[in-house]
**Q** 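One structure, as structure tokens, below. Some questions next.
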Amino acid sequence: MFQNIGEIALLFGRTLKALPQTRRQFRKVLEQLFEIGNASLLMACVLSLFIGGVLALQTGPVMSERGLQSFIGQIVGLSLCRELAPVMMAVLIAGRVGSAMAAEIGSMKVYQELDALQTMNINPIHYLVLPRMLAISLGLPLLVIFAILVGWVGGALVCVFNAQIAVSFDGYMKSLGNGIDVLDVVNGLIKSFAFAVVIGTVSCHQGLATIGGPRGIGRSVTKAVVNSIVLILLLDYVLTRLLMHLDK
Amino acid sequence: MSDEAPQGVRLEVRRLTKSYNGQPVLHGLDFAVERGEVFVIMGPSGSGKTVLLKHLIGLETPDEGDILIEGEPAGSPGVMERYRMAMVFQSGALLNSLNVGENVGLYLTEHRLKPPAEIARVVAEKLELLGLKGTEEKLPGELSGGMKKRVAIARALVIEPQLIFYDEPTSELDPLIAVTIGQEILRLNHRMRVTSIVVTHDRDLAFGIANRIALLHEGRILAIGTPDAVQADPNPLVQQFLKADFRFNPETSTP
């Protein structure tokens, strides 16, 4: 993976340089955005509902025992905003959308469709990479907002219906409201934007670097997903430190 | 779409050399293709035909040597914009996510050269020219090999090329469709006066359409000239390639 970092950075630079082409590629950005949302919304809903629920289930009884029920909403809310929603959604999107990007571009490379574009003087970065990068950079933060909200609901449901926790819906929401600041949500959105750029760049790079036949495409898809997840987790630590520093 | 047919361009290759991982593939090739000529590059598999073609269209960079279009190096700024070139790939290389109409009109759409209604008219005209009227909505996966090749030719024609490259245009086609494709190449060459460079190992196609033929073997040109001149070339390798046939000969076959 690390031997390709230079190429990945170069692709990212070229994509940034192509940004003035955004208006021309607007229809493709919308198509990609639809693909991302349509493919992932239900999965994101189920995933975040259960993450919120499990968080409440893990922390709730212990905190209730110690009379700290009023902090459960805050803990669930903060964990979701700052960490779990951005990371889990990024992992989901890397598997669901990053793999599709690598497979589609990879198969276009193998079957000479990229060569055909070049002979028509159509830049594959403008035509393929830019719309995908823009769509994922917009789509993932939106999905994270959705996941945070659904996750909060998941936590509330467990708090209300679990006898060991026994926190009312109003109590949970009050704790959530007291403990969560807009900056916490912004923190998560910054992370998710950075993760989206990583997934888009790594997946498109793997697609463009595909060689061989169907086996090569399979290899590219695997590399795209694995490398994206590894980079997401590394970047998560760096961003957490950086954002904590900025919070002070 | 201008009514005036495009004029072909002259292409010259000088000392073109290419190696991959230290393995030489092209050894200092020198030849020129004149305006409006149908020039066929022939040779057995692995002789370097496709690598040469990729250099000519700008998909590969030579280690040494030059490719000149109307005397200007092909890689210099603005040449690809000034001289219109198109390529018909062996597989057709149609974009599988687009339908036939979108594939054929892709160049015009992406470069915003015409309004959508005009693009649709040009696409319909080119498809009709190649006997594919009414196939605009079909996806490439729904087409036969011959239809894909013809769609690829239609896509190339939309560019109004001055130089058109064909990579193995008759491979995987039955003889009747192969003849149709060969006739299309000649018809377009005659109608639009483009320069055509055809890479093939199909001897019937080469001798049927070429003004001149170059025979490539292990990255070197063994023979170059008119079909008659190549046919009369005394080089045993040339004769071996031209005269190879399927008939069983017990005297030459190995046990």
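By convention in this document, chain letters (A, B, ...) are assigned in the order of the sequence lines, proteins followed by strands, and residues within each chain are numbered from 1.
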**Q** If you count every heavy atom of other residues, nucleotides or ligands that lies below 6.0 Å from Lys223(A) atom NZ, does the total exceed 12?
**A**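 Atom NZ in Lys223(A) is not packed in, count stays at 12 or less.
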**Q** Grab the two heavy atoms, one from Ile122(A) and one from His111(B), that are nearest each other, plus how far apart they are.
**A**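 Where Ile122(A) meets His111(B) most closely, the heavy atoms are CG1-NE2, 3.8 Å.
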**Q** Is the NZ atom of Lys138(B) crowded by more than 12 outside heavy atoms at less than 6.0 Å?
**A**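 Not more than 12 within 6.0 Å, no.
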**Q** Counting heavy atoms not belonging to Arg10(B), are there more than 12 under 6.0 Å from its CZ?
**A**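 Buried by this count: over 12 neighbours within 6.0 Å.
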**Q** Of the backbone (N, CA, C, O) and the side chain (C-beta and beyond), which part of Tyr107(B) lies under 4.5 Å from a heavy atom of chain A, both, or neither?
**A**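 The answer is both parts of Tyr107(B).
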**Q** Where is the tightest heavy-atom contact between Ser91(B) and Tyr111(A), given as atom of each residue plus distance?
**A**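 So the two residues come closest at OG-O, 4.1 Å.
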**Q** Any idea which heavy atoms bring Ala116(A) and Ala93(B) closest together, and the distance?
**A**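 The answer is CB-O, 3.6 Å.
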**Q** Just verifying a value: how many Å separate Asn121(A) CG and Met85(B) CE, rounded to the nearest 0.5 Å?
**A**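 One finds 9.0 Å between CG of Asn121(A) and CE of Met85(B).
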**Q** By number, which residues in residues 55-67 of chain B have some heavy atom less than 4.5 Å away from chain A?
**A**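 Near chain A, by residue number: Ile57(B), Leu59(B).
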**Q** State, with a plain yes or no, whether a side-chain heavy atom of Leu95(B) is found less than 4.5 Å away from one of Tyr127(A).
**A**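 Contact flag for Leu95(B)/Tyr127(A) side chains = yes.
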**Q** When the side chains of residues 193-210 of chain A are checked against the rest of the protein, which donor-acceptor pairs come out under 3.5 Å, sequence neighbours left out?
**A**
residue	atom	partner	partner atom	Å
Thr201(A)	OG1	Val197(A)	O	2.6
Ser203(A)	OG	Gly98(A)	O	3.4
Ser203(A)	OG	Ile199(A)	O	2.7
His205(A)	NE2	Glu7(A)	OE1	2.8
Thr210(A)	OG1	Gln206(A)	O	3.0
Thr210(A)	OG1	Gly207(A)	O	2.8
Thr210(A)	OG1	Ser220(A)	OG	2.8

**Q** Are Phe89(B) and Thr119(A) close enough that some pair of their side-chain heavy atoms sits under 4.5 Å apart?
**A**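 Side-chain contact under 4.5 Å: yes.
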**Q** Please say whether more than 12 non-hydrogen atoms of neighbouring residues, nucleotides or ligands are located less than 6.0 Å from CZ in Phe31(B).
**A**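 Counting neighbours around CZ of Phe31(B), more than 12 heavy atoms of other residues, nucleotides or ligands fall under 6.0 Å, so yes.
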**Q** Could you tell me if the side chain of Glu110(B) sits less than 4.5 Å from the side chain of Gln25(A), heavy atoms only?
**A**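 Side chain of Gln25(A) against side chain of Glu110(B), heavy atoms only: contact under 4.5 Å found.
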**Q** Check whether any side-chain heavy atom of Arg155(B) sits under 4.5 Å from a side-chain heavy atom of Met120(A), and report yes or no.
**A**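 Side chain of Arg155(B) against side chain of Met120(A), heavy atoms only: contact under 4.5 Å found.
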**Q** Quick check: are there more than 12 heavy atoms from other residues, nucleotides or ligands sitting under 6.0 Å from OH of Tyr20(B)?
**A**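 Result for OH/Tyr20(B): enclosed.
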**Q** Are more than 12 heavy atoms from other residues, nucleotides or ligands located less than 6.0 Å from atom CD1 of Ile211(A)?
**A**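 No, because the 6.0 Å sphere around CD1 of Ile211(A) holds 12 heavy atoms or fewer from other groups.
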**Q** Checking heavy atoms, do the side chain of Leu94(B), its backbone, both or neither come under 4.5 Å from chain A?
**A**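 The backbone, not the side chain.
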**Q** Which atoms of Leu117(A) are under 4.5 Å from chain B, going by heavy atoms: the side chain, the backbone, both sets, or neither?
**A**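 Side chain only.
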